[in-house]
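Below you'll find the structure, written out as structure tokens, and then a few comments.
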Amino acid sequence: MTCAITLAACGGADGEQGEDPNAEAAAQLHDAQPIHVGDVTLLPESSEAGTYSELVTVQYSEEVRASTELDKPECMDAANRWGDLDTVRGAPASVAAYEWDLGNISSILVQLDEDSAAEALAVKPPEACAEYTATYEDGSSSEYGVTDLDVPRVGDESRAFSIQVSDDDGQNHMYTVMYRNGGLLGTTSVMGPGEAEDYEQMLVDFSEAAIKRQGQML
């Protein structure tokens, strides 16, 4: 699966951000990421913190996106189009990756104000993006499908969705809860081959654990 459509599928690198003015705030966000949730374990070497637009994970995703062609160009980065907002791109952020028996989990935290977090949460893909095709630089292609998920509310407000990816290697899925906790924007994503019912409870449990730890650490 490519990183062109979603950040959550891609591991980052331990973030040495140099003169990043958001380094301290981003480090605090990173410390507020969950350590253990059930049998989910943090992978520090695949996690990073800093200004959102400067994260390795984000930059790699944007490089792949630039070399990808869609049959519906308006669907490029459909699930993460909130990441193009100026308020998000310049904000302190943390991306944490986790290992789990049923798939890979990632948690993204972005520090905003309440209005900006609510604006980002409200950004949704066009209805036409329920199905589209991506063709990559090497000539391979994938079929994408985006649908809403019905899971309990997380934080002050939230929404959930799934992305199904079909290619020559079979099918893969990503399930995401995007939530607002005050002025903090968070996403929990699980990627794996299973169906939604295999992952919905973990999405909610992990997100609630994340919010609890944010209350303890921030």
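All figures in this text were calculated on a predicted structure; none of them were measured in a lab.
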Worksheet entry | Evaluation steps, salt bridge (charged side-chain N to carboxylate O under 4.0 Å, His left out), between Asp84 and Arg65 | CA-CA 13 Å; Asp84 290 334; Arg65 179 174 64 179; 3.6 Å; yes
Discussion item. Salt bridge check, Lys72 against Glu131: does any charged N sit closer than 4.0 Å to a carboxylate O?
Written reply: no
Discussion item. I'd like to know if Lys212 pairs up with Asp205 as an ion pair, taking the criterion as any Lys NZ or Arg NE/NH1/NH2 lying under 4.0 Å from an Asp or Glu carboxylate oxygen.
Written reply: no
Item to complete: Answer yes if the side chains of Glu69 and Thr135 hold a donor-acceptor pair under 3.5 Å, and no otherwise.
Response: no
Fill in: Side chain to side chain, Val40 and Met202, heavy atoms closer than 4.5 Å
yes
Worksheet item: Considering residues, nucleotides and ligands other than Glu99, do more than 12 of their heavy atoms fall under 6.0 Å from its CD?
Response: no
Worksheet entry | Side-chain donor-acceptor contact under 3.5 Å, Ser189 with Thr176 | yes
Worksheet item: What is the ring orientation for Tyr52 with Trp82, classed by angle as parallel under 30°, tilted 30 to 60°, or perpendicular over 60°?
Response: tilted
Worksheet entry | Asp156 side chain to Gly182 backbone, donor-acceptor under 3.5 Å | yes
Worksheet, complete the sentence: Nearest heavy-atom contact between Ala32 and Arg213 is O-CG, 3.4 Å
Item to complete: Give me the one residue out of Val58, Ile108, Thr187, Leu109 that meets side-chain contact (heavy atoms from CB on, under 4.5 Å) with Val95.
Response: Ile108
Worksheet item: Can you find a heavy atom in the side chain of Thr68 that is under 4.5 Å from one in the side chain of Glu137?
Response: no
Worksheet entry | Pairing of Glu54 and Arg89 as salt bridge, 4.0 angstrom limit | no
Discussion item. For a 4.5 angstrom cut-off between non-hydrogen side-chain atoms, does Val165 reach Glu143?
Written reply: no
Worksheet item: Are the aromatic ring centres of Tyr98 and Phe206 under 6.0 angstrom apart?
Response: yes
Worksheet item: With distance as the sole criterion, is a donor-acceptor pair present between the side chains of Ser162 and Thr147 under 3.5 Å?
Response: yes
Practice prompt. Verify the neighbour count for atom CD of Gln171: are there more than 12 heavy atoms of other residues, nucleotides or ligands below 6.0 Å?
Written response: yes
Discussion item. Closer than 3.5 angstrom, by distance alone: can the side chain of Glu200 be matched with the main-chain N or O of Val151 as a donor-acceptor pair?
Written reply: no
Worksheet item: Would one find more than 12 heavy atoms of other residues, nucleotides or ligands at under 6.0 Å from atom CD of Glu197?
Response: yes
Worksheet entry | Gap between atom OG of Ser158 and atom OH of Tyr179 - 0.5 Å precision | 10.0 Å
Discussion item. To check you understand the geometry: which heavy-atom pair defines the closest contact between Ala96 and Ser47, and what is its length?
Written reply: CA-OG, 3.3 Å
Worksheet item: Looking at OG of Ser141 and CG of Asp167, how far apart are the two atoms once the value is rounded to the nearest 0.5 Å?
Response: 8.0 Å
Fill in: Nearest heavy atoms of Pro126 and Arg81, plus distance in Å
CD-NH2, 3.7 Å
Worksheet, complete the sentence: Between His173 and Pro193, the two heavy atoms sitting closest are ND1-O, 3.6 Å
Discussion item. Run Leu29 and Leu184 through side chain to side chain contact (heavy atoms under 4.5 Å, CB included) and show every step you take.
Written reply: CA-CA 10 Å; Leu29 287 181; Leu184 190 65; 3.6 Å; yes
Worksheet item: Is the backbone of Ser166 close enough, under 3.5 Å, to the side chain of Tyr144 for a donor and an acceptor to pair up by distance?
Response: no
Worksheet item: Do the side chain of Ser61 and the main chain of Thr57 share a donor and acceptor less than 3.5 angstrom apart?
Response: no
Discussion item. Would you say Thr87 and Glu119 are linked by a side-chain donor-acceptor pair, where the criterion is simply a distance under 3.5 Å?
Written reply: no
Worksheet item: What's the shortest heavy-atom distance between Ala120 and Leu185, and which atoms?
Response: CB-CD2, 3.7 Å
Worksheet item: Is the backbone N or O of Gly155 less than 3.5 Å from a side-chain atom of Asn181, with the two atoms forming a donor-acceptor pair by type?
Response: no
Worksheet, complete the sentence: Value for OG1 (Thr51) from CG (Asn22), rounded to nearest 0.5 Å, stands at 3.5 Å
Worksheet entry | Gln216 atom CD, neighbour heavy-atom count above 12 within 6.0 Å | yes
Item to complete: Run the numbers on Arg180 and Glu114 for side chain to side chain contact (heavy atoms under 4.5 Å, CB included), then give the verdict.
Response: CA-CA 8 Å; Arg180 181 179 67 82; Glu114 289 193 16; 3.8 Å; yes
Practice prompt. Look at the side-chain heavy atoms of Ile, Leu, Val, Met, Phe, Trp and Tyr, link any pair under 4.5 Å apart, and say whether Val110 and Met217 land in one connected group.
Written response: no
Fill in: Nearest-0.5 Å distance, CE of residue Met191 to CG of residue Asn104
7.0 Å
Worksheet item: Quick check: are there more than 12 heavy atoms from other residues, nucleotides or ligands sitting under 6.0 Å from CG of Asp39?
Response: yes
Practice prompt. To the nearest 0.5 Å, tell me how far Gln33 CD sits from Ser94 OG.
Written response: 4.0 Å
Worksheet entry | Student check: side-chain heavy atoms of Leu149 and Arg159 closer than 4.5 Å | no
Discussion item. I'd like to know whether CD of Glu157 has more than 12 heavy-atom contacts from other residues, nucleotides or ligands below 6.0 angstrom.
Written reply: yes
Discussion item. Heavy-atom count check: over 12 atoms from other residues, nucleotides or ligands less than 6.0 Å from Asp150 CG?
Written reply: no
Practice prompt. Group every Ile, Leu, Val, Met, Phe, Trp and Tyr by side-chain heavy-atom contacts under 4.5 Å, then state whether Leu43 and Val190 land in the same group.
Written response: no
Worksheet, complete the sentence: Closest non-hydrogen contact found for Ala26 with Ala49 is O-CB, 3.6 Å
Item to complete: Evaluate the side chain to side chain contact (heavy atoms under 4.5 Å, CB included) criterion for residues Gln59 and Val56: first the C-alpha distance (whole Å), next the side-chain angles of each, then the deciding distance (0.1 Å), finally the verdict.
Response: CA-CA 5 Å; Gln59 293 186 347; Val56 173; 5.7 Å; no
Fill in: Verdict with reasoning, Ser142 to Tyr136, per side chain to side chain contact (heavy atoms under 4.5 Å, CB included)
CA-CA 8 Å; Ser142 298; Tyr136 311 118; 3.0 Å; yes
Worksheet item: Side chains of Leu55 and Tyr60: closer than 4.5 Å at any heavy-atom pair?
Response: no
Worksheet item: Can you check whether Ser116's main-chain N or O pairs, donor with acceptor, with Asp113's side chain at less than 3.5 Å?
Response: yes
